[in-house]
Amino acid sequence: MKKIIAVILAFTFVLLCSSCKGSEKGETAAEKNTSAKAAEAVQTAVDIDLTKMSSTMVYSEVSNIMSEPDKYVGKTIRAKGSFSENEGYYFIVINDATACCQKGLEFIWAGDHSFPADYPEEWSEIEVSGTFESYFEGTKQYYHINNAQLTTV
Amino acid sequence: MLSKLAEYWEYPFVKYALIVGVLVALCSSLLGVTLVLKRFSFIGDGLSHVAFGAMAIASIFNITNDMPIVIVITVLSAVLLLRGGQNAKIKGDAAVAMISVGALAVGYLLLNLFAPSGNLAGDVCSTLFGSTSILTLSKFDVAFSAGLSLLVIVIFILFYQKIFCVTFDENFARATGTKASLYNLLIAIVIAVIIVLAMNLVGSLLISALVIFPALSAMRLFKSFRSVTVFAAVYSVLTAALGILVSILAGTPVGSTIVGIEIVTFACCFIIGSVGMKKAA
């Protein structure tokens with residue numbers, strides 16, 4: 001039994017050390033990235049900033065926004081992803097960590113803009129921030145990021 | 001790192017993922033030792049493909065909560081494979097291989113013919129590799145998974161002696177009056193339940209890793225059934241928790257991160273075991 005406890009303790013120590021080392025590097029890179037972006041980003045108060053999360057967290061949070069959207073209505077969201085257009089609706093598309101699944105959040109760009117002249121190229125990387133709201137088309141309820149600020153990354 | 005982790009901890013789905021991930025890892029490691037010793041290491045792979053086929057059927061019928069139906073179909077397949085094993089006309093690995101590829105092919109075919117969503121590739125990829133499914137669990141999923149995991153742990157503790165007997169020498173167990181068929185049936189049901197639960201964590205292609213790596217790593221270091229089981233359980237819980245945390249912080253896929261950590265730690269166990277054996281000699 002002593003042997004088991006000794007080996008388990010040794011393992012725990014090795015695992016913790018390896019996780020700390022790995023994430024220190026990640027934090028440094030993330031900090032640099034964040035400070036660079038902070039200079040460029042639009043200075044608005046944001047409730048949910050998806051640009052500061054890891055890709056796994058972003059995709060999970062977007063999944064939760066889509067499965068329980070009413071919880072997020074009225075909150076300001078900032079997200080980074082690919083631009084996509086479909087039949088007059090505009091989306092920011094977010095990939096998961098395996099890059100096999102995508103989720104799209106509809107947005108409405110604040111101001112007067114015409115497609116395709118004013119909009120970025122399809123699948124180019126964009127950052128969008130605005131208020132998450134619900135709207136009705138007929139009897140169906142949909143959700144989008146309204147009054148959004150759009151920047152090409 | 002800690003501030004980032006504390007920030008992520010505020011999200012309920014991170015807590016759900018850790019609770020379910022740790023419980024599923026614990027269950028899979030407990031039964032993993034039995035499966036490896038009974039030469040059924042690949043049954044996890046076979047049953048996970050059956051579960052994939054069952055999920056495909058559930059999704060084409062638009063069944064939102066597919067876990068109960070997937071569990072029923074997977075349990076039936078596990079019983080067919082493990083109970084009929086000795087007397088069946090198609091035996092052992094051939095039966096597992098047949099059911100495995102058959103279920104995978106039929107599941108993918110059904111999804112292609114009656115695709116419920118436009119993102120077929122995404123749905124299939126998500127099921128096969130786990131993607132972020134562990135981080136998108138609903139409260140019902142968490143309660144259901146936690147309940148089943150605790151049931152598996154209780155069953156294992158209650159029937160530990162019998163499972164031990166049936167694992168090591170089935171004929172001797174029968175000769176001493178143990179109802180080996182009954183306990184094989186119990187093992188089959190429990191394994192099927194674990195496979196379905198573990199699909200959320202690592203996806204159907206990576207489940208075998210969750211079953212075999214803890215057992216094989218423990219066997220490198222320990223010799224008795226109890227020591228191997230205890231170490232495999234602790235190893236599995238630690239690697240799963242670490243894998244989930246690393247994938248959240250680094251933005252890597254959850255399933256493959258856990259398996260990657262298990263490969264590295266298995267290598268460590270292998271080296272430590274080899275050095276220990278040389279010293280003993």
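Hydrogens, waters and symmetry mates play no part in the numbers below; they use all other heavy atoms, side chains included. Every chain is numbered from 1, with letters handed out A, B, ... down the list of sequences.
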Does [X], at its [atom1] atom, have more than 12 non-hydrogen atoms belonging to other residues, nucleotides or ligands within less than 6.0 Å?
{"X": "A:Tyr135", "atom1": "OH", "answer": "yes"}
{"X": "A:Glu121", "atom1": "CD", "answer": "no"}
{"X": "B:Lys15", "atom1": "NZ", "answer": "yes"}
{"X": "B:Tyr160", "atom1": "OH", "answer": "yes"}
{"X": "A:Tyr89", "atom1": "OH", "answer": "no"}

Looking at NZ of B:Lys139 and CD of A:Glu68, how far apart are the two atoms once the value is rounded to the nearest 0.5 Å?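 If I round to the nearest 0.5 Å, the distance is 7.5 Å.
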Contacting region of B:Val264 [heavy-atom separation from chain A under 4.5 Å]: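 Neither part.
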Let me know if B:Tyr8 has heavy atoms under 4.5 Å from chain A in its side chain, its backbone, both or neither.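 Both the backbone and the side chain of B:Tyr8 come within 4.5 Å of chain A.
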Which heavy atom in [X] sits nearest to a heavy atom in [Y], and how many Å separate them?
{"X": "A:Ser55", "Y": "B:Gly251", "answer": "OG-O, 2.8 Å"}
{"X": "B:Thr252", "Y": "A:Thr56", "answer": "O-OG1, 3.1 Å"}
{"X": "A:Ser60", "Y": "B:Phe13", "answer": "CB-CE1, 3.4 Å"}
{"X": "B:Lys4", "Y": "A:Lys52", "answer": "NZ-O, 2.6 Å"}

With no hydrogens and no angle check, is any side-chain donor or acceptor of A:Ser54 less than 3.5 Å from a backbone partner on B:Ala250?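 No.
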Given a strict heavy-atom distance threshold of 4.5 Å, which part of A:Glu61 is in contact with chain B: side chain, backbone, both, or neither?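 Both the backbone and the side chain of A:Glu61 come within 4.5 Å of chain B.
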